[in-house]
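A short write-up of the structure that comes next.
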There are 2 protein chains.
Amino acid sequence: MATIGERGTGERGTGARGNTRELVLDAALASFGTTGYDGTSLDDLAAGLGIRKQTILYHFVSKRRLLDSVVDRCAGELVKALERVLAESRGDGRSDWERVEGMVREVFRLALDQPVLLGLLREVSRPNSPGADRVRTHLEPLMARARRWMEDEMAAGRMRRTDAQLLLLSAYSTVVGVATEIEVLRAAGVGPTLRPVAQRRGELLRFLRRSLDPAAGS
Amino acid sequence: MATIGERGTGERGTGARGNTRELVLDAALASFGTTGYDGTSLDDLAAGLGIRKQTILYHFVSKRRLLDSVVDRCAGELVKALERVLAESRGDGRSDWERVEGMVREVFRLALDQPVLLGLLREVSRPNSPGADRVRTHLEPLMARARRWMEDEMAAGRMRRTDAQLLLLSAYSTVVGVATEIEVLRAAGVGPTLRPVAQRRGELLRFLRRSLDPAAGS
DNA sequence: CCTGCTCTCTACCAGATGGTAAGGGAAGCG
DNA sequence: CGCTTCCCTTACCATCTGGTAGAGAGCAGG
């Protein structure tokens, strides 16, 4: 457990000046993702970091805003990663389908790198969850953009016709579903979970290909 | 909102003698499934039913045991439903595969009939969730039985060889995944969700068939 | 009538929770 | 040096939490 400064040495004030915020965000992400929002207490969170709850509140004002900040940071990372993949494959001679595949692979790579992200996503996509709105405002522009792009490609005949909205949501919930799958497997004592996750990825890619790639059979 | 007895009429004591327990279980199932265990307060739960928290505690002793009771009832229903399907198809000239398909369909039917069940399942299959143990003790015999049966059938050559444990867990997490999918779709304002759920069912059945049915191609 | 059982209530509590108020040490700056 | 700003602290609080204690209403049986 990473702590800030050294407790009990009489040292005070400046601990690890400047990165307390980030450390709190890390710990909060982990706690929200595993114990849930309601199950996370600011006191425990602070204790785990060797600081006081009021320090957290100093940086984030309220528990609710802390959750928002965590969501913001994660969404930011996601968007940045996707932008990167998109930029790398742009202009390149790749087909639409190959670019879609690249994005899917990137998302799965991110999820496997940082399983806590999936935990948060799962927690936050619960009905009535605080932060659900926040996630939506982050994801909506992404979704809208993808939908517009797909619809353009369909109109141009480079992509098979289908319901873009439903397809995107289906892909999204597949990813969220991976979160539960990992937890189920770990609960059953099976792990590491690379193979089943790769299988889900394969299913999703096949499904997308069937729906989108005009060169794919049926 | 169903209330017990009539509040404020001076009436007291016997309200709807005998079924308070069941009403509390219903409300608790809904609340645990949507708001989560930590997010559910006994006071709110009681208020929603027009009774006092102490009445709930009289019947269930503690919040924790209330959750256990909810889980017990749901698991009981599930087991009963599966037993029924199994009994109906026994002796009948059905192949193994057809019986498996019947069970899958029954589970999906149950889940669509009572979406709250999925909510609970989702809540309770979270790591560190109280009640996770309870679910496991209910599901483990079912799983073990299915695994033994599958292994017998495989040995007899009536079923394609595969990892029974992993296959069962995969099927299980697909069902849990449906819970998240429904929530995601509702959050996005899409609904009713019959079509995507049916699609997941189709995917699961295809996957199972590919893995199990010796008469299926590849 | 009395007794005992079942069920629900009022009254109360200790502990945890998120949040407010205010102070103090360190560093930058004039 | 004094002043301000940043960061983190101690002290405190109102509220909500799950849970305990005990009383009272209704009913059944002797």
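In what follows, every chain begins at residue 1, and chains take the letters A, B, ... in the order their sequences are listed. Side chains are part of it too, since the values below use all heavy atoms of this structure and drop only hydrogens, waters and symmetry mates.
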Please confirm whether the shortest side-chain N or O distance from [X] to OP1 or OP2 of [N] is below 4.0 Å.
X	N	answer
T20(B)	dC7(C)	no
T55(A)	dC7(D)	no
H59(B)	dT6(C)	no
S41(B)	dT17(D)	yes

Nearest-angstrom distance from the residue atom [atom1] of [X] to [atom2] of [N]:
X	N	atom1	atom2	answer
D44(B)	dC16(D)	CG	P	10 Å
L57(B)	dA11(C)	CG	P	18 Å
R52(A)	dT9(D)	CZ	C1'	8 Å
K53(A)	dG19(C)	NZ	C1'	7 Å
D43(B)	dC9(C)	CG	P	12 Å
L45(B)	dT17(D)	CG	P	11 Å
I51(B)	dT10(C)	CD1	P	12 Å
D38(B)	dT17(D)	CG	C1'	11 Å

| request: First locate atom CD1 of I56(A), then atom CG of L23(A), and finally report the distance between them rounded to the nearest 0.5 Å. | output: 11.0 Å

| Heavy-atom count around R65(B) CZ within 6.0 Å, excluding the residue itself: above 12? | no

| said: When you measure from the centre of the six-membered ring of F32(B), is the NZ or CZ of K63(B) closer than 6.0 Å and no more than 45° off the axis? | reply: no

| request: Establish, from distance only, whether the side-chain atoms of R134(B) and S69(B) form a donor-acceptor pair under 3.5 Å. | output: no

Counting only side-chain heavy atoms from C-beta out, which of [options] sits nearest to [X]?
X	options	value
K63(A)	dG18(D), dG19(D), dG19(C)	dG19(C)
Y58(A)	dC7(C), dT17(C), dC8(D)	dC8(D)
Q54(B)	dG19(C), dG18(D), dG19(D)	dG19(D)

| Would D113(A) and R109(A) count as a salt bridge (charged side-chain N to carboxylate O under 4.0 Å, His left out) if you check the C-alpha gap in whole Å, the side-chain angles of each, and the deciding distance to 0.1 Å? | CA-CA 6 Å; D113(A) 265 20; R109(A) 204 188 56 70; 3.3 Å; yes

| Is there a side-chain hydrogen bond (donor to acceptor under 3.5 Å, both in side chains) between R200(A) and T174(B) once you walk through the steps? | CA-CA 10 Å; R200(A) 293 278 169 196; T174(B) 296; 2.8 Å; yes

| field | Any residue of residues 65-74 of chain B with a heavy atom less than 4.0 Å from an atom of DNA chain C | value | none

| query | Do M103(B) and L86(B) come within less than 4.5 Å of each other through their side chains, counting heavy atoms only? | reply | yes

